[in-house]
Undergrad: 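My questions all concern the structure below.
The shown structure was predicted, so the numbers you read here are calculated from the model rather than taken from an experiment. Side chains are part of it too, since the values below use all heavy atoms of this structure and drop only hydrogens, waters and symmetry mates.
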Amino acid sequence: MLKAGSTILSIWSGINFLLAALILTSVVIFKANSPLLVMVFEKSEIAALDSRVIASLNALTILYNSCSVVVSVMVWIIIRKNLVNGQEWAFWALLFTIGFVEVMAFIASAQVGHARWQVNVILSVLYVLGIGLTGYALSKGDKK
């Protein structure tokens, strides 16, 4: 069960990394605007926005997604190096770290009408399932 839970948490990390990297690439390299603009505003509303508002949203998108990429990589390393070997500190670190990220994702999404609720639900289900399986395995003494 530890391996299954670790695999599910690795999938969480991979999806989180992929989405953040794609968004980061589109905004930084291809100079696209934040995806939140089209998720939250109508085209006429976007046209009426001051350029500083759009630049601010793009800056926050870059900041958030760069942090998300790094967290995803660090989580994946902890899963692959420590959690799969039954190290309980890794479980607790992931429980609080990913749990905090997931709760904050819902809180942030609420501010913009739950624009990305589908992604939040999928990632949260993966987190709960993965952390639940690993926690159960570790509590039963399964270190493999």
Undergrad: For the residue pair Pro35 and Thr61, what are the closest heavy atoms and their distance?
TA: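 Minimum heavy-atom separation between Pro35 and Thr61: CD-CG2, 4.3 Å.
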Undergrad: Would you call Thr134 and Ile131 a side-chain contact if the rule is heavy atoms closer than 4.5 Å?
TA: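 Sidechains of Ile131 and Thr134: in contact.
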Undergrad: Give the cluster check for Ile23 versus Met39: same hydrophobic cluster or not, with ILVMFWY residues linked at side-chain heavy-atom distances below 4.5 Å.
TA: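 No; tracing contacts between hydrophobic side chains, which count when under 4.5 Å, never links both residues.
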Undergrad: Please find the pair of heavy atoms, one from Gly99 and one from Tyr127, that lie closest to each other, and give the distance.
TA: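 Looks like CA-OH, 3.4 Å.
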Undergrad: Give the cluster check for Ile54 versus Leu36: same hydrophobic cluster or not, with ILVMFWY residues linked at side-chain heavy-atom distances below 4.5 Å.
TA: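 Yes, Ile54 and Leu36 fall within the same hydrophobic cluster.
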Undergrad: Looking at Asp50 and Arg52, would you say the former's side chain and the latter's main chain have a donor-acceptor pair under 3.5 Å?
TA: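 Here the side-chain-to-backbone pair exists.
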Undergrad: Find the distance between CD1 (Ile122) and CZ (Arg116) and round it off to the nearest 0.5 Å.
TA: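 So the gap between those two atoms works out to 10.5 Å.
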Undergrad: Work out which heavy atom in Trp12 is nearest to a heavy atom in Leu123; give both atom names and the distance.
TA: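 It is CD1-O, 3.1 Å.
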Undergrad: Might you point out which heavy atoms bring Ser124 and Glu102 nearest each other, and give the distance in Å?
TA: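 Heavy atoms of Ser124 and Glu102 come nearest at OG-OE1, 2.7 Å.
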Undergrad: Establish whether Val125 and Tyr136 are linked, either directly or via other cluster members, by ILVMFWY side-chain heavy-atom contacts under 4.5 Å.
TA: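 No; tracing contacts between hydrophobic side chains, which count when under 4.5 Å, never links both residues.
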Undergrad: How many angstroms lie between atom CD1 of Ile29 and atom CG of Leu24, to the nearest 0.5 angstrom?
TA: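 CG of Leu24 is found 8.0 Å from CD1 of Ile29.
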Undergrad: I need the single residue from Val128, Leu138, Ile8 that forms a side-chain contact (heavy atoms from CB on, under 4.5 Å) with Leu133. Which is it?
TA: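 Passing option: Ile8.
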Undergrad: Distance from Phe91 atom CZ to Leu83 atom CG, nearest 0.5 Å?
TA: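 Rounded to the nearest 0.5 Å, the CZ-CG separation comes out at 8.5 Å.
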Undergrad: Which pairs with one or both residues in residues 24-43 pass salt bridge (Lys or Arg N to Asp or Glu O under 4.0 Å), sequence neighbours excluded?
TA: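 Non-adjacent pairs meeting salt bridge (Lys or Arg N to Asp or Glu O under 4.0 Å): zero.
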Undergrad: Please walk me through it: do Asn65 and Val69 pass side chain to side chain contact (heavy atoms under 4.5 Å, CB included)?
TA: CA-CA 6 Å; Asn65 285 290; Val69 163; 5.6 Å; no
Undergrad: If you count heavy atoms of other groups shown closer than 6.0 angstrom to CE of Met74, is the number above 12?
TA: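 Atom CE in Met74 is not packed in, count stays at 12 or less.
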Undergrad: Which heavy-atom pair separates Phe106 from Val121 by the least distance, and what is that distance?
TA: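 Scanning both residues completely, I find the closest heavy atoms to be CZ-N, 4.0 Å.
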Undergrad: Counting C-beta onward and ignoring hydrogens, is there a side-chain heavy-atom pair between Ile11 and Ile15 closer than 4.5 Å?
TA: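 Side chain of Ile11 against side chain of Ile15, heavy atoms only: contact under 4.5 Å found.
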Undergrad: Report yes if some heavy atom in the side chain of Ile46 is under 4.5 Å from a heavy atom in the side chain of Val38; otherwise report no.
TA: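 They are in side-chain contact.
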Undergrad: Taking C-beta and beyond as the side chain, do Asn33 and Leu57 meet within less than 4.5 Å on heavy atoms?
TA: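 No, side chains not in contact.
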Undergrad: For the hydrophobic clusters of this structure (ILVMFWY residues joined by side-chain heavy atoms under 4.5 Å, transitively), does one cluster hold both Leu126 and Val103?
TA: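 No.
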Undergrad: Mark yes or no for whether Ser66, through its side chain, and Leu63, through its backbone, hold a donor-acceptor pair below 3.5 Å.
TA: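 Yes.
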Undergrad: Mind checking whether Val119 and Val101 sit in one hydrophobic cluster, side chains of I, L, V, M, F, W, Y counted as touching below 4.5 Å?
TA: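 Linked within one cluster.
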Undergrad: So, for Asn58 and Ser34, which heavy atoms are closest and what is the spacing to 0.1 Å?
TA: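 Result for this residue pair: OD1-N, 2.6 Å.
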